[in-house]
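Heads up, the thing below is written out as structure tokens.
Chain letters run A, B, ... following the sequence lines, proteins first and then strands; every chain starts at 1. All values reported here derive from a predicted model rather than from experimental measurement.
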Amino acid sequence: MSLLRGKTTMAVLASDFYERDTRQVAQELLGKLLVRRTREGVTAGRIVEAEAYLHERDSACHAARGRTPSNAAMFGPAGRAYVYPIHSQYCFNTVTEQRGRPCAVLIRAVEPLEGIALMQQRRGRTWLTELARGPARLCQAFAIDRQLDHWDLTRGRRLWIVDGIVDSAEWTIGNSARIGVTSAKYLPLRYYVVGSPYVSGPRQME
DNA sequence: CTACCGATTGACT
DNA sequence: GTCAATCGGTAGA
């Protein structure tokens, strides 16, 4: 508790933040603080990369082929977590919109700010850029697994997201196709902080 | 029940 | 740049 001076419980994002256009939420999540508290301690970091998955005309969205036991969180209230496994790893999403619209924002990368030793321990890596760059690495560093599927992110417990921590220093939001998807691969639904070394994926052109 | 596959990562050429 | 490991979820026989 040094850099953030106990601000990790202030200004927890409420459900009305998430109950909006998914692309808007994805862009506005950049710069917000992701906070995780376990018995081991607190880890927190600034979100620098996110992708939108839409309820319409988006075959890459897990909800595109209907509701299943595994993707049910996407159909639930906005402001919940949707955590799913892939290749023996996990990815973390925030559920958005609703009114019967299953969609979500995948958090792809975080700039570590607090609990760095804990992240290093969980990841088995030292370099800051290796701790939470990439959706599954992020889940390792923050100890996010399927137990947090459906978790309510608006209550400020265990796992939540905070506004107003990082000064509104100017940064540019980059936009590109999403990484790793094999369908709807040309939709420009990935957003990232241009120039951040904590962003995953191929080198950015500036 | 079996078969296929992926919103990944880490190691390697 | 390429590629294999790895396993839960899903569809299909």
Side-chain angles (χ1 to χ4, degrees), chain A residues 18 21-27 29-30 34 45 47-76 78 80-97 101-112 119-151 153 159 161 173-193 196-205:
Chain A
Y18 299 99
D21 177 80
T22 303
R23 282 161 291 200
Q24 187 72 26
V25 174
Q27 292 172 74
L29 276 172
L30 299 183
L34 178 68
I47 297 170
V48 293
E49 182 184 1
E51 288 177 352
Y53 287 84
L54 310 179
H55 66 99
E56 264 187 338
R57 289 185 282 279
D58 183 5
S59 55
C61 181
H62 287 171
R65 280 168 296 282
R67 181 175 180 148
T68 67
S70 180
N71 69 13
M74 281 189 118
F75 295 77
R80 302 285 184 101
Y82 167 46
V83 181
Y84 71 91
I86 181 171
H87 292 278
S88 314
Q89 316 262 1
Y90 295 101
C91 291
F92 164 61
N93 302 251
T94 67
V95 178
T96 56
E97 295 192 38
R101 297 172 168 179
C103 37
V105 172
L106 170 70
I107 309 300
R108 279 196 62 92
V110 161
E111 172 184 345
M119 295 192 210
Q120 289 169 325
Q121 175 189 322
R122 287 169 174 161
R123 288 273 300 126
R125 306 275 158 154
T126 303
W127 291 108
L128 289 186
T129 52
E130 303 251 323
L131 296 182
R133 189 180 67 170
R137 292 168 172 171
L138 180 161
C139 285
Q140 288 178 23
F142 282 72
I144 296 171
D145 62 23
R146 270 228 118 164
Q147 294 182 340
L148 290 167
D149 193 29
H150 295 279
W151 185 257
L153 300 168
L159 179 65
I161 301 176
I173 296 181
N175 180 224
S176 77
R178 294 171 293 188
I179 292 178
V181 296
T182 55
S183 61
K185 55 167 61 170
Y186 301 113
L187 295 179
L189 296 176
R190 170 174 175 255
Y191 305 95
Y192 57 93
V193 173
S196 169
Y198 303 99
V199 171
S200 75
R203 288 267 175 264
Q204 319 163 10
M205 307 300 285

Give me the distances for all protein-to-nucleotides 4-7 of chain C N/O pairs that come in under 3.5 Å?
| residue | atom | partner | partner atom | Å |
| --- | --- | --- | --- | --- |
| C:dT6 | O3' | A:Ser88 | OG | 3.3 |
| C:dC7 | O4' | A:Ser88 | OG | 3.2 |

Could you walk me through whether A:Tyr191 and A:Arg23 pass the side-chain contact (heavy atoms from CB on, under 4.5 Å) check? CA-CA 9 Å; A:Tyr191 305 95; A:Arg23 282 161 291 200; 3.4 Å; yes
With Watson-Crick and G-U wobble geometry limited to distances under 3.5 Å, how should the secondary structure of DNA chain C be encoded in dot-bracket form, using | for bases paired to another strand and [ ] for crossing pairs? |||||.||||||.
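- A:Arg178 pairs by the salt bridge (charged side-chain N to carboxylate O under 4.0 Å, His left out) definition with A:Asp58, not counting sequence neighbours.
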Extract all donor-acceptor atom pairs below 3.5 Å that involve side chains of residues 81-90 of chain A and protein atoms in other chains or at least two apart in sequence.
| residue | atom | partner | partner atom | Å |
| --- | --- | --- | --- | --- |
| A:Tyr82 | OH | A:His62 | ND1 | 2.8 |
| A:Gln89 | OE1 | A:Gln140 | NE2 | 2.9 |

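- Residue A:Asn71 comes nearest to A:Thr68 through the heavy atom pair OD1-N, 2.8 Å, listed as atom of the first residue, atom of the second, then distance.
- With a heavy-atom cut-off of 4.0 Å to chain A, the contacted part of DNA chain B has its first and last nucleotide at B:dG6 to B:dA11.
- Interatomic distance, A:Leu131 CG to A:Leu138 CG, rounded to the nearest 0.5 Å: 10.5 Å.
- Judged by closest nucleotide on DNA chain B, A:Glu51 is the one of A:Arg123 and A:Glu51 placed further toward the 5' end.
- Atom-to-atom distance recorded for A:Trp151:CH2 and A:Ile144:CD1 is 12.5 Å, nearest 0.5 angstrom.
- Annotation for A:Ala104 and A:Thr22: closest pair O-CG2, 3.4 Å, computed over non-hydrogen atoms.
- Across A:Ala109 and A:Ser200, no two heavy atoms sit closer than the pair CB-N, 4.2 Å.
- Looking at residues 136-151 of chain A, you'll see A:Ala136, A:Arg137 sit with a heavy atom under 4.0 Å from some atom of DNA chain B.
- Taking all atoms of both residues into account, the shortest heavy-atom contact from A:Ile179 to A:Arg190 is CD1-NE, 3.5 Å.
- Between A:Phe142 and A:Ala132 the shortest heavy-atom distance is CE1-CB, 4.4 Å.
- Closest non-hydrogen pair, A:Gln27 versus A:Ile173, comes out as O-CD1, 4.0 Å.
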A:Tyr18 vs A:Leu153, side-chain contact (heavy atoms from CB on, under 4.5 Å): CA-CA, chis, key distance, verdict: CA-CA 10 Å; A:Tyr18 299 99; A:Leu153 300 168; 4.3 Å; yes
